[in-house]
Amino acid sequence: MQNSVNIVFLTSGKSRGSNFEAVMQHLSKFDLPIKVPFLIITRDDAPIQYRAEKFGIECIRLKNRDTFEEDLLALLEEYDIDLIVLAGFMRKLSEHFLQSFSGDIINIHPALLPKYGGKGMYGMRVHEKVFLKGDEESGVTVHYVNDDYDAGPIIAQRKIPIGHCSSAEEIAHEVLQIEHILYPEVIEKLARDFLQSHK
Ligand code: GRF
């Protein structure tokens, strides 16, 4: 029997960490046995570290790209991790990694997948494409991670109207507000389901 759900956040580059903070703030409202023993960064100047400090969460920097997955797998096993939350993680995880980790891996994408997803579609590039296309709505998708970019089964999606936005930056701003609502809700639900099924 397992009495907690153990979650880690996986980030890369100069990760901002706004989703991490929104999730942590949301989870702190409930008396749920959720542990976040550490989060992963790849650069020592990643701003997410300052947010992690506020929650007393250790940042582990995996700097060797060649052994990244091996090193991560060792940590996941050591801390008995059940759920990996990608939050600004730009790399693709290998098939070997996905098969080796027995828990779930989820990601948040700032658009309505399957539109505006795939290799190279991240950050402002997504919102610029949406803006240029003149779409009336955009949104957020949370999905399981598989071995293809942004292509795993969709867990939840939320749409917002963006017809009034006059720039890609404005769209990004509005979409981010929804990310900060949807990701926490999904993670809370997955944690509750996990705890229920491991009673
Ligand atoms: C978010 O926009 C998310 O959709 C994408 O990466 C960004 C991370 O932002 N996957 P933050 O680090 O959570 O602020």
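Note that the numbering runs from 1 along the sequence shown for the chain. Since the structure is predicted, the reported quantities are computational estimates derived from the model, not experimental observations. The figures here come from the full heavy-atom set of this structure, side chains too, leaving out hydrogens, waters and symmetry mates. Each ligand, and each atom within it, is numbered from 1 in the order the structure gives.
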Aromatic plane relationship, Phe97 with Phe101 - under 30° parallel, 30 to 60° tilted, over 60° perpendicular: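 Aromatic pair Phe101/Phe97 classed parallel.
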N/O separation below 3.5 Å, His109 to ligand 1: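 No.
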Heavy-atom proximity to atom 14 (O) of ligand 1, best of Ser12, Ser18, Ala87, Gly88: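 Residue with the shortest heavy-atom distance to the ligand atom: Ser18.
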Identity of the nearest option to atom 4 (O) of ligand 1, non-hydrogen atoms only, from His180, Glu179, Arg16: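 Among His180, Glu179, Arg16, the closest heavy atom to atom 4 (O) of ligand 1 comes from Glu179.
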Taking atom 12 (O) of ligand 1 as the reference point, the nearest protein heavy atom with its distance: Gly17 N, 2.7 Å
Nearest-contact summary for atom 5 (C) of ligand 1 - protein heavy atom, Å: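 It is Ile108 O, 3.8 Å.
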Close-contact set for ligand 1 against Pro110 heavy atoms, below 4.0 Å: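 Listed by number with element: 4 (O).
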Ligand-residue contact atoms, ligand 1 with Asn19, heavy atoms, under 4.0 Å: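 Numbered from 1, ligand 1 contributes 1 (C), 9 (O), 11 (P), 13 (O), 14 (O).
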salt_bridge(Lys29, Glu188) N-O dist < 4.0 Å: no
Glu77, CD atom: more than 12 neighbouring heavy atoms under 6.0 Å: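 No, not enclosed.
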Side-chain donor or acceptor of Thr141 paired with backbone N/O of Leu113 under 3.5 Å: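 Yes, Thr141 side chain to Leu113 backbone: donor-acceptor pair under 3.5 Å.
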Lys NZ or Arg CZ of Arg51 over Phe20 ring: under 6.0 Å, within 45°: no
